[in-house]
Amino acid sequence: MPELPEVETTVRGLNRALNSLSARFIDVWADWKKTIKKPRNFKSFKAGIKKKKIEKIWRRGKNIIFELSDNYSLLIHQKLTGHLLYGYWVRRGNNWQPSGNDILADRVNNYIHLLFFLDNGKMIALSDLRKFANVELWKTEELLASSGFNNLGPEILEKSFTFEKFKEALSKKKGKIKEVLMNQSVIVGVGNIYSDEALWRAQVNPFKKIPDLTNRELEKIYDSLRDVLQKSIELHGESFSDYRDTNGEKGGFDKIRMVYRRKGEKCQCCGTIIKRKKIGSRSCHFCPACQKI
DNA sequence: ACAATATCCTGCGAGC
DNA sequence: TGCTCGCAGGATATTG
């Protein structure tokens, strides 16, 4: 599931592929139009996207933003199983299949529900098994002024995001630390995987509430979070589930994944069996010994 | 004003 | 073998 490192990997991949090309959208195809939330009408969306040039691709939290000509922006959120692929596909019956070696053969790359055709002959495809991804076309000015965009918390990996700012951001909430880390209005980019991994590294119990955390614990969480996200970006993200990079390839975070989906395995630090418990509607993985308090 | 719950989806694995 | 059932989850909407 794409979190900050995965979205960053996708954005870097798209920039590598498109930077020197100044590509332009020439058409859009979709067989699941509900993915497109704005404008709701697919024909309007198509008309809006046609002939627009891609001027810049960046991310804000887990959102991918394509800045387009005429002051428009395309916003894509991959949600749980969505991932953007860059290459060339051919139609086979009701499905699209990648041509040549453009996209790595992989089951999860075969759920193409949205295709953008570019004037360089290539395509940007959204493969999304569970169909939760969102795509929106905005006037750039309106997107940047929207409540959804302005309610997003700070970027954790920004140099200017100091420990003091982290503490200040968290102090707005009183709930369980894991839930607060995943709240996109507090800080952006963290989801179920990296909240579990960072708290294990920091040796802090995910159920512990914000007011009960010591300054030392907050420091450890801040350092662990930044470190684990940075390391995951270097490894091109986590591909345990459906996430793949723009070439359809897996990331390597598995090498340093310590607790997420490791229930029943031994803790790499102390050998205690990793537990899984629910926090809200999400599964939380932790070491009951290392993260006791 | 806040927190808990339902909603969207579909492949997969467990159980019979 | 083949069926059903429950589970996974980010963000938003709705209910308590």
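Every chain is numbered from 1, with letters handed out A, B, ... down the list of sequences.
The nearest whole Å value for the distance from the CD1 atom in I187(A) to the P atom in dG10(C) is 14 Å. Taking atom CD of residue E136(A) and atom P of nucleotide dG10(C), one finds them 18 Å apart after rounding to whole Å. Counting to the nearest Å, the C1' atom of dC8(B) and the CZ atom of F132(A) are 4 Å from each other. For the pair D31(A) CG and dC9(B) C1', the interatomic distance rounds to 14 Å; values are reported in whole Å. One interatomic measurement links the two molecules: CH2 of W32(A) to C1' of dC9(B), which rounds to 7 Å at whole-angstrom precision. Distance L80(A) CG to dG9(C) C1': 4 Å, rounded to the nearest Å. Following rounding to the nearest Å, N183(A) (CG) and dC2(B) (C1') show an atom-to-atom distance of 13 Å. Atom NZ in K37(A) sits roughly 12 Å away from atom C1' in dG10(C) (whole-Å rounding).
Side chains of E67(A) and W58(A): a donor-acceptor N/O pair is present below 3.5 angstrom, by distance only. Side-chain contact of D196(A) with H285(A): a donor-acceptor pair under 3.5 Å is present, judged by distance alone. Using a 3.5 Å distance cut-off with no hydrogens or angles, the side chains of K167(A) and N215(A) do pair a donor with an acceptor.
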Each nucleotide N or O in nucleotides 12-14 of chain B that has a protein N or O under 3.5 Å away: list the pair and distance.
from: dC12(B); atom 1: OP1; to: R107(A); atom 2: NE; distance (Å): 3.0
from: dC12(B); atom 1: OP1; to: R107(A); atom 2: NH1; distance (Å): 3.3

Is there any protein nitrogen or oxygen under 3.5 Å from a nitrogen or oxygen in nucleotides 11-16 of chain C, and what are the pairs?
from: dA11(C); atom 1: OP1; to: H77(A); atom 2: NE2; distance (Å): 3.0
from: dA11(C); atom 1: OP2; to: K62(A); atom 2: NZ; distance (Å): 3.1
from: dA11(C); atom 1: OP2; to: Q184(A); atom 2: NE2; distance (Å): 3.4

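A salt bridge is absent between K139(A) and E142(A): the closest approach of a Lys/Arg side-chain nitrogen to an acidic carboxylate oxygen does not fall below 4.0 angstrom.
Phosphate contact (OP1/OP2 of dC9(B), side-chain N/O of K34(A), threshold under 4.0 Å): present. Side-chain nitrogen and oxygen atoms of K278(A) include none within less than 4.0 Å of the OP1 or OP2 phosphate oxygen of dC7(C). Taking 4.0 angstrom as the limit, Y260(A) places a side-chain polar atom (N or O) nearer than this to OP1 or OP2 of dG9(C).
Across all strands shown, R276(A) has heavy atoms under 4.0 Å from sugar-phosphate atoms exclusively, and none from any base. Within 4.0 Å (heavy atoms only), S283(A) reaches sugar-phosphate atoms of the nucleic acid but no base atom.
Below 30°, between 30° and 60°, or above 60°: for F166(A) and Y222(A) the angle between ring planes is between 30° and 60°, a tilted geometry.
In this structure R91(A) satisfies the side-chain hydrogen bond (donor to acceptor under 3.5 Å, both in side chains) test with no other residue, sequence neighbours excluded. In this view, F240(A) satisfies the ring pair (Phe, Tyr, Trp, His ring centres under 6.0 Å) rule with no residue, not counting sequence neighbours.
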CA sep, side-chain torsions, deciding dist, call: S69(A), E55(A), side chain to side chain contact (heavy atoms under 4.5 Å, CB included):
CA-CA 7 Å; S69(A) 50; E55(A) 294 184 337; 3.8 Å; yes
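The C1' atoms of five pairs define one axis at each end of the helix from dC2(B)-dG16(C) to dC16(B)-dG2(C), and these two axes lie 60° apart (to 10°).
The side-chain tip of K33(A) points at the ring of F42(A) from less than 6.0 angstrom away and within 45° of straight on. Judged by the 6.0 Å and 45° rule, K52(A) forms a cation-pi pair with Y72(A).
For K131(A) and G175(A), each mapped to the nucleotide of DNA chain B holding its nearest heavy atom, the one lying further toward the 5' end belongs to G175(A). Nearest-nucleotide positions on DNA chain B place K174(A) closer to the 5' end than the other of K174(A) and L129(A).
Here the side chain of E219(A) pairs no donor or acceptor atom with the backbone of F163(A) at under 3.5 angstrom.
Here I273(A) sits alone; no ILVMFWY side chain lies under 4.5 Å from its own, so it joins no hydrophobic cluster.
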